[in-house]
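The analysis underlying the following values was restricted to heavy atoms, covering all of them including side chains, and did not include hydrogens, waters or symmetry mates. Since this is a predicted model, take the numbers as computed values, not measurements.
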Amino acid sequence: SGVSNVYAMAIPLSSSITLPDSLLSDIPGSDQAQAEKDILAGMGQNIKTVPLHDALNAHRTEFIYFRTDPHWTARGAYLGYEAFCEAKGIAPIPLDAHRAVNFDGFLGTLYFENGCDEKLLPEETIEAFYPVSDGVTLTVTDADDNTTDCPIVADVSELHALAKYRTFSGGNNPFSVVTNPNIKDDSVLILVKESFGNPLPAFLCDHYSTIYIIDYRSWYGNIIDFAREVHADDLLFANNINAVNSGGNVGFIAMKIK
């Protein structure tokens with residue numbers, strides 16, 4: 001749009017990072033490292049790209065993806081945040097500066113969609129990290145246009161096993177606003193994402209006065225017009241490589257950047 005720095009990341013799927021190389025080579029069309037290069041190379045000169053595959057692969061033996069769910073963990077998302085900071089030219093806040101919280105009993109969609117396959121047990125623990133800044137607020141607007149204040153890291157200990165990923169940023173909502181009262185420079189980030197983006201704001205909010213979170217699958221506006229309206233400094237597209245590769249999802253985004 002000429003007024004915002006635009007960043008793009010294509011978040012790898014766990015299959016590309018956690019499967020042994022010997023298995024990965026047997027799966028046709030599974031070279032996500034090359035796919036990431038191709039996707040980011042097609043972004044054009046005005047887009048700052050945030051390559052993630054190698055950064056995640058360097059930590060492949062760590063708990064950066066769930067076993068029972070397609071998503072990356074908060075530790076995986078932290079690696080994405082680090083890569084974004086590198087692309088932006090700022091220093092990331094160390095992970096150990098963040099207070100952590102654990103929620104036991106998580107079972108994701110891979111478990112439930114595979115008929116509750118016992119081979120996917122035991123249950124997993126979701127770890128979340130609080131912002132370093134105090135007083136960060138999150139307001140979500142749901143599909144019915146109801147606005148609610150939520151914690152940026154929610155206590156999900158009493159939620160159903162499948163719902164515990166909602167600890168991150170209030171879950172999937174069309175539109176959310178994160179405000180950090182400690183940052184006085186009026187800096188604005190727009191995060192355009194699907195559910196893989198949900199753990200990122202708890203890290204990103206330490207660098208911006210305001211973050212607007214747009215889930216392009218359910219938000220009906222024009223991203224370029226909105227960026228101008230809120231004087232966005234940065235616009236980050238954070239989507240998993242499968243979403244970026246899906247005609248339907250690409251169509252959703254295309255409709256919103258005309």
Any Leu162 side-chain heavy atom under 4.5 Å of Leu107 side chain: no
For a quick check under 3.5 Å, do Tyr208 and Asp185 share a side-chain donor-acceptor pair by atom type? no
Check against side-chain contact (heavy atoms from CB on, under 4.5 Å), Lys193 and Ile214: CA-CA 6 Å; Lys193 59 90 197 174; Ile214 289 173; over 6 Å; no
Can you pull the ring pair (Phe, Tyr, Trp, His ring centres under 6.0 Å) pairs that have at least one residue in residues 111-138, sequence neighbours excluded? Phe112-His160
In Å and rounded to the nearest 0.5 Å, what is the NE2 to CG distance from His53 to Leu13? 9.5 Å
Please report the interatomic distance CG(Asn146) to OG1(Thr141), rounded to the nearest 0.5 Å. 8.5 Å
Report the distance from atom CG of Leu52 to atom OG of Ser16, rounding to the nearest 0.5 Å. 11.5 Å
Can you name the residues that form a ring pair (Phe, Tyr, Trp, His ring centres under 6.0 Å) with Phe66, not counting sequence neighbours? Phe63, Phe106
Could you see if Val177 belongs to whatever hydrophobic cluster contains Phe168? Use Ile, Leu, Val, Met, Phe, Trp, Tyr and a side-chain cutoff under 4.5 Å. yes
Could you walk me through whether Asp225 and Glu229 pass the side-chain contact (heavy atoms from CB on, under 4.5 Å) check? CA-CA 6 Å; Asp225 290 345; Glu229 181 188 325; 5.9 Å; no
Between Asp142 (side chain only) and Asp144 (backbone N and O only), is there a donor and an acceptor less than 3.5 Å apart? yes
N/O donor-acceptor pair under 3.5 Å between Thr179 side chain and Thr210 backbone: no
Please report the closest heavy-atom contact between Ala128 and Val153, naming both atoms and the distance. CB-CG1, 3.6 Å
Taking the side chain as every heavy atom from C-beta outward, state whether Leu236 and Val192 have any pair of such atoms under 4.5 Å apart. no
Sidechain N-carboxylate O distance under 4.0 Å for Arg75, Glu127: yes
Please report the C-alpha distance between Phe226 and Ile190 in whole Å, then the side-chain angles of each, then the deciding distance to 0.1 Å, and finally whether the side-chain contact (heavy atoms from CB on, under 4.5 Å) criterion is met. CA-CA 9 Å; Phe226 184 69; Ile190 299 173; 3.6 Å; yes
Please check if the distance between the ring centroids of Tyr165 and His71 is under 6.0 Å. yes
Write down the atom of Pro181, the atom of Gly135, and the distance for their closest heavy-atom approach. CD-O, 3.2 Å
Asn114 side chain to Leu110 backbone, donor-acceptor under 3.5 Å: yes
To the nearest 0.5 Å, what is the distance between CD1 on Ile152 and OG on Ser176? 9.5 Å
Given Glu194, which of Asn172, Asn242, Asn240 fulfils the side chain to side chain donor-acceptor pair (under 3.5 Å) condition? Asn240
Check whether Lys164 reaches the backbone of Leu159 with its side chain - one donor and one acceptor, N or O, closer than 3.5 Å. yes
Donor-acceptor contact below 3.5 Å, side chain Ser169 vs main chain Asn198: yes
Is the shortest heavy-atom distance from the side chain of Ile17 to the side chain of Tyr65 under 4.5 Å? yes
Counting C-beta onward and ignoring hydrogens, is there a side-chain heavy-atom pair between His207 and Cys85 closer than 4.5 Å? yes
Begin with the C-alpha distance, continue with both residues' side-chain angles, and end with the deciding distance and a verdict on ring pair (Phe, Tyr, Trp, His ring centres under 6.0 Å) for Phe237 and Tyr7. CA-CA 6 Å; Phe237 289 84; Tyr7 298 85; over 10 Å; no
Tell me if the CD atom of Glu62 is crowded by more than 12 foreign heavy atoms within 6.0 Å. yes
Tell me, yes or no, whether the heavy-atom count around Asp134 atom CG, taken from other residues, nucleotides or ligands under 6.0 Å, exceeds 12. no
Please report the closest heavy-atom contact between Gly76 and Leu56, naming both atoms and the distance. O-CD2, 3.8 Å
If we ignore hydrogens and angles and just use 3.5 Å, is the side chain of Asp206 paired with the main-chain N or O of Ser133 as donor and acceptor? yes
I want to check something: taking the side chain as every heavy atom from C-beta on, are Leu204 and Leu189 in contact at a cut-off of under 4.5 Å? yes
Value rounded to 0.5 Å, distance of CD1 in Ile241 from CD in Gln32: 5.0 Å
Under 4.5 Å between side-chain heavy atoms, counting indirect links through other Ile/Leu/Val/Met/Phe/Trp/Tyr residues: same cluster for Val188 and Val136 or not? yes
Within the distance-only criterion (no hydrogens, no angle test), does the side chain of Arg67 pair as donor or acceptor with the backbone N or O of Glu124 below 3.5 angstrom? no
Please state whether the rings of Phe196 and Trp72 are parallel, tilted or perpendicular, taking 30° and 60° as the class boundaries. tilted
Heavy atoms only: give me the nearest Ala232-Ser4 pair and the separation to one decimal. O-OG, 2.7 Å
Under 3.5 Å, is there a donor on one side chain and an acceptor on the other for Glu123 and Thr68? no
Donor-acceptor check, side chain of Asp69 to backbone of Thr109, threshold 3.5 angstrom: yes or no? yes
Taking it one step at a time, do Tyr212 and Val230 satisfy side-chain contact (heavy atoms from CB on, under 4.5 Å)? CA-CA 9 Å; Tyr212 296 99; Val230 300; 3.7 Å; yes
In the structure I gave you, are the side-chain heavy atoms of Leu79 and Ile64 within less than 4.5 Å of one another anywhere? yes
Note: Val178 and Cys205 closest approach over all heavy atoms is CG1-CB, 3.8 Å
How long is the span from the OG atom in Ser157 to the CG atom in Asn102, to the nearest 0.5 Å? 11.5 Å
Less than 4.5 Å apart, any side-chain heavy atom of Leu200 and any of Phe84? no
Which atoms form the tightest heavy-atom contact between Pro201 and Leu191, and what is the distance? CG-CD2, 3.7 Å
Aromatic ring proximity, centroids under 6.0 angstrom, Tyr81 and Tyr78: yes
Quick one: hydrophobic cluster around Tyr220, which other residues, with the 4.5 Å side-chain cut-off, linked directly or via members? none
Counting N and O atoms only, with roles assigned by atom type, does the side chain of Ser187 sit under 3.5 Å from a partner on the main chain of Ser209, one being a donor and the other an acceptor? yes
